There are 2 protein chains.
Amino acid sequence: MDTVDVFAALASPVRRELIHLLLDGAHSVNDLASHFEMRRPSVSEHLKVLRDAGLVSEQRSGRHRLYRLEAGPLMELSQWLSPYERFWRERLTGLRELVDEAGEDESEGRT
Amino acid sequence: MDTVDVFAALASPVRRELIHLLLDGAHSVNDLASHFEMRRPSVSEHLKVLRDAGLVSEQRSGRHRLYRLEAGPLMELSQWLSPYERFWRERLTGLRELVDEAGEDESEGRT
DNA sequence: ACCATATGTAGGGAATTCCCTACCGGTCAA
DNA sequence: TTGACCGGTAGGGAATTCCCTACATATGGT
């Protein structure tokens, strides 16, 4: 049972597209595979990586397996990102000051 | 000048550690390399990947090169993440309802 | 000029990734 | 049961990654 790092799992554009496709609900493997140029077994392998990273879960239903998005690892990613937020907030603050200087008519308050 | 995908750049634990080290300001390559087991040229190569991804910038200062964190790509990552936020917000809402239900039966208590 | 320091680059080798073609088992329908 | 369909797995090959040891280049100090 290899446990896969969520960053490594998201490093592939194919896998990012896969979880994007799952935003509107669960899909079968064939359904997902139809969105790619590559062969179905390759998509299957990408799904395995996503499973090992906890990013998707499968639910068997007849001969289909429905894959659905799992939020946990993405939430962890968001938490990982939080220490860096101040960096771009500072940048946005700088931009905002420029904007404010350019047009001092409008004022709005939101942080 | 290869332009590197920010997800691919962050796929390496070493590179994530590098940008983490840059949270408290700019550092030289030797300074950064001293935090790792690996040899300095390897750290240099990791820094090149981060540069190509726009995650760090370098500023030459004498014979040193100071690397500093650049927020842009991380902000894009945060934006990429936003469509998925509702997934874990739903989960947290569910958790909160559970907590609230449990809390109605008991008076407050902490160990 | 000479030498030490700071860092990038070349080239190579082991490991990993990513895609492929076969193939296998499970499920449904006739 | 037979056959069509769904989807995982095996094995292989090309490309990429990741680390290494040399080496190159540039700057500063003496």
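Chain A is the first sequence line, chain B the second, and so forth, proteins listed ahead of strands; every chain is numbered from 1. This is a predicted model, so every value here is computed, not measured.
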Problem set entry | salt bridge (charged side-chain N to carboxylate O under 4.0 Å, His left out) against B:R65, all qualifying residues, sequence neighbours excluded |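 Per chain and number, B:R65 pairs via salt bridge (charged side-chain N to carboxylate O under 4.0 Å, His left out) with B:E58.
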
What is the distance, rounded to the nearest whole Å, between atom [atom1] of [X] and atom [atom2] of [N]?
{"X": "A:E58", "N": "D:dC6", "atom1": "CD", "atom2": "C1'", "result": "12 Å"}
{"X": "A:L47", "N": "D:dT9", "atom1": "CG", "atom2": "C1'", "result": "14 Å"}
{"X": "B:E45", "N": "D:dA22", "atom1": "CD", "atom2": "C1'", "result": "13 Å"}
{"X": "A:F36", "N": "D:dG7", "atom1": "CZ", "atom2": "P", "result": "15 Å"}

For this session: Return the 5'-most residue of the pair A:S42, B:S28 with respect to DNA chain C, ranking by each residue's nearest nucleotide.
Result: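 With A:S42 and B:S28 compared, the 5'-side residue is B:S28.
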
Exercise. Mapping A:S61 and A:A11 to their closest nucleotides on DNA chain C, which lands nearer the 5' end?
Worked result: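 Counting from the 5' end, the first nearest nucleotide belongs to A:A11.
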
Problem set entry | No-H, no-angle donor-acceptor pair, A:R65 side chain to D:dG7 base, under 3.5 Å |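 Counting by modelled atom types and ignoring angles, no donor-acceptor contact under 3.5 Å is found here.
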
Exercise. Taking atom types as they are modelled, is there a donor-acceptor pair under 3.5 Å from the base of D:dG8 to the side chain of A:R40?
Worked result: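 Looking at the base of D:dG8, it does pair with a donor or acceptor on the side chain of A:R40 (distance under 3.5 Å).
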
Exercise. For A:R60, which contact category applies under a 4.0 Å heavy-atom criterion: base, sugar-phosphate, or nothing?
Worked result: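 If one applies the 4.0 Å heavy-atom cut-off, A:R60 turns out to touch nothing in the nucleic acid.
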
For this session: Please determine which of A:L22, A:L74, A:L23 meets the side-chain contact (heavy atoms from CB on, under 4.5 Å) test together with B:F87.
Result: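 The single option meeting the side-chain contact (heavy atoms from CB on, under 4.5 Å) with B:F87 is A:L23.
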
For this session: Check every nucleotide of DNA chain C for an atom under 4.0 Å from a heavy-atom of chain A, then give the first and the last such nucleotide from 5' to 3'.
Result: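 Nucleotide range with atoms under 4.0 Å of chain A: C:dC18 to C:dC28.
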
For this session: Answer yes or no: are there more than 12 heavy-atom neighbours, outside B:R39 itself, under 6.0 Å from its atom CZ?
Result: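 No, because the 6.0 Å sphere around CZ of B:R39 holds 12 heavy atoms or fewer from other groups.
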
Problem set entry | Along DNA chain D (nearest heavy atom to each residue), the more 5'-positioned of A:Y67 and B:P41 |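 Taking each residue's closest nucleotide, the earlier one in sequence belongs to A:Y67.
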
Problem set entry | Whether B:R15 side chain and B:A8 backbone form a donor-acceptor pair below 3.5 Å |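 Such a contact is found between B:R15 side chain and B:A8 backbone.
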
Exercise. So do the side chains of A:H46 and A:V14 get within less than 4.5 Å of each other, counting heavy atoms only?
Worked result: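 The answer is yes; the side chains approach within 4.5 Å.
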
Exercise. Which residue pairs pass the side chain to side chain donor-acceptor pair (under 3.5 Å) test with at least one member in residues 17-30 of chain B, sequence neighbours excluded?
Worked result: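 Sorted pair list: B:D24-B:H27, B:H27-B:D31.
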
